[in-house]
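Some notes on the structure that comes next.
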There are 2 protein chains.
Amino acid sequence: MSTLDATLCTTLRLPATIGEMTQAWHAFEQFASRHLRRQGLTPAQFAVLSALAAVTALSCKTLSEQTGITKGSLTGIVDRLEQNGLAQRVVSREDRRSHLVNLTDEGRATFERVAEKHFAHLQQAFEGVDREELTDIEAGFRRFRQLINHASR
Amino acid sequence: MSTLDATLCTTLRLPATIGEMTQAWHAFEQFASRHLRRQGLTPAQFAVLSALAAVTALSCKTLSEQTGITKGSLTGIVDRLEQNGLAQRVVSREDRRSHLVNLTDEGRATFERVAEKHFAHLQQAFEGVDREELTDIEAGFRRFRQLINHASR
DNA sequence: TATTGTTATACTCTATAACTATA
DNA sequence: TATAGTTATAGAGTATAACAATA
């Protein structure tokens, strides 16, 4: 799906930057999410597992902030991870309003297995590319984000 | 939501390019889609209207290819556009399997009204930016897409 | 009173596969 | 047999609001 596709940019003579960004994202999104789904995880589930893999546990609030998933959606996603035995909720001792989510052993193992394959899959695209060139591309994405963030205020 | 968020890239030491890409997209997606929804259109609906605005009519197949929306999803989206009086389906004379979708007068007027505002909204982000800098950023995005597309085969 | 998270509502979109009609 | 589009299903996302428990 697209927020803005190439047609739009042509029609409206929008900055070509937006068209290129959109197309780049679509290409990546397809490349990444199809692979993930074949491993049995949705992109959202993988994003949550990724955030949890780096730490012991996270509150739903933090998880929501880090993944960009709204708290309402997060409830359902964590529900399904729990149902599948990959994550669990524990009420925080410090603040008993807060529910800490952490990975089960199975969740951690699943993440590591999937992530390794996924990493290799993504790496394919960048093999043999000049490091300096990647740095330039990164800088472009960073600058684009800054422009958008600045306009968002 | 994110397919891959910054946390993942840190965890896996994925090419930083992907992390920057993801964050840039999220920033843009929020900036663009919130504005669209406030105008009463979903991003998918706007994408379809955009594709149709440039031409007389498109078959569902072509529409699907141009927007990147799968044909299954497209059925529902066109249904809702029809319900809202923005688009209509006509069975093709040449190939009666094919349904041509076109904008109603109201659909065209709605698109033009929304698109103009949306264009202005997006333009805000790029005002005063050096044209040459934008060209460089675009080239980077294009290169990124080529790398992904090449790996997709 | 403010915040955390859940629940509920209603709609939209995605992917996928099975199906119908037509070619 | 292949293609165009629809239908069905399950999962996920949005926005919003109301709510309980806790701070």
Side-chain angles (χ1 to χ4, degrees), chain A residues 1-3 5 25-26 29-49 57-65 67-84 86-101, chain B residues 1-3 5 25-26 29-49 57-65 67-84 86-101:
Chain A
M1 204 294 301
S2 76
T3 298
D5 66 7
W25 172 258
H26 288 331
E29 168 64 18
Q30 294 247 331
F31 185 64
S33 79
R34 285 191 181 167
H35 182 258
L36 278 179
R37 285 176 200 276
R38 254 179 266 136
Q39 313 296 313
L41 292 175
T42 66
Q45 288 169 353
F46 189 66
V48 170
L49 294 185
L58 291 176
S59 70
C60 290
K61 181 188 166 70
T62 310
L63 208 41
S64 171
E65 287 165 359
T67 58
I69 298 169
T70 57
K71 62 180 184 172
S73 302
L74 202 54
T75 299
I77 295 168
V78 175
D79 283 351
R80 276 164 233 124
L81 289 175
E82 251 188 338
Q83 281 161 25
N84 298 335
L86 302 182
Q88 56 195 179
R89 289 176 172 94
V90 182
V91 175
S92 165
R93 292 189 185 177
E94 291 120 40
D95 181 344
R96 294 205 313 214
R97 291 172 303 182
S98 176
H99 290 206
L100 299 176
V101 184
Chain B
M1 202 292 303
S2 76
T3 297
D5 65 7
W25 174 257
H26 287 330
E29 168 64 19
Q30 294 246 332
F31 185 65
S33 78
R34 284 190 181 169
H35 182 260
L36 277 180
R37 286 176 200 277
R38 254 180 266 136
Q39 313 296 313
L41 292 176
T42 65
Q45 288 169 354
F46 189 67
V48 170
L49 294 185
L58 291 175
S59 69
C60 291
K61 181 188 165 71
T62 310
L63 208 41
S64 171
E65 286 165 359
T67 58
I69 298 169
T70 58
K71 61 181 185 171
S73 303
L74 202 53
T75 299
I77 295 167
V78 175
D79 282 351
R80 274 162 235 124
L81 290 176
E82 250 188 339
Q83 281 160 26
N84 297 335
L86 303 182
Q88 56 194 178
R89 289 177 172 94
V90 182
V91 174
S92 165
R93 292 189 186 179
E94 290 119 41
D95 181 346
R96 294 205 315 214
R97 292 171 304 181
S98 176
H99 290 205
L100 298 176
V101 185

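Only heavy atoms go into these numbers, but all of them, side chains included; no hydrogens, no water, no symmetry mates. To find a chain, count down the sequence lines: A is the first, B the second, and so on, and within it residues start at 1.
Atom P of nucleotide D:dA10 and atom CG of A:Asn84 are separated by 15 Å, given to the nearest angstrom. Per the geometry, CD belonging to B:Glu82 stands 13 Å off P belonging to D:dG5, to the nearest Å. As a whole-Å value, the separation of A:Gln45 CD from D:dG13 C1' is 13 Å. Atom-to-atom, CD1 of A:Ile77 to P of D:dG11 comes out at 13 Å; the value is rounded to the nearest Å. Atom CZ in A:Arg93 sits roughly 16 Å away from atom P in D:dT22 (whole-Å rounding). Look at CD1 on A:Ile69: it is 9 Å from C1' on D:dA12, rounded to the nearest Å. A straight line from CD of A:Glu29 to P of C:dC13 spans 16 Å, rounded to a whole angstrom. Atom CG in A:Leu63 sits about 12 Å away from atom P in D:dG13, given to the nearest Å.
Set against C:dT12, D:dT22, D:dA12, the side chain of A:Arg96 has D:dT22 as its closest nucleotide. Of the candidates D:dT14, C:dA15, D:dA12, the closest approach to any side-chain atom of A:Thr70 belongs to D:dT14.
For the pair B:Leu100 and B:Ser92, the minimum side-chain heavy-atom distance is below 4.5 Å. Side-chain contact between A:Leu81 and A:Gln45 is present, with heavy atoms from C-beta onward closer than 4.5 Å. By the 4.5 Å heavy-atom criterion applied to side chains, A:Gln83 and A:Arg80 are counted as neighbours. The side-chain heavy atoms of B:Leu74 and B:Ser64, taken from C-beta on, include a pair separated by under 4.5 Å.
Within the structure, every side-chain polar atom (N or O) of A:Thr42 is placed at least 4.0 Å from both OP1 and OP2 of D:dG11.
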Under a 4.0 Å heavy-atom criterion, the protein footprint on nucleotides 4-11 of chain C, written with B, S and -, is SBBB----
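Nearest heavy atoms, A:Val101 versus A:Cys60: CG2-SG, 4.0 Å.
Without hydrogens or angle criteria, A:Thr67 side chain to A:Val48 main chain gives no donor-acceptor distance under 3.5 Å.
Comment: B:Asp79 engages B:Arg89 in a salt bridge, judged by a side-chain N to carboxylate O separation of less than 4.0 angstrom.
If you check every strand for non-hydrogen atoms under 4.0 Å, B:Gln83 touches nothing.
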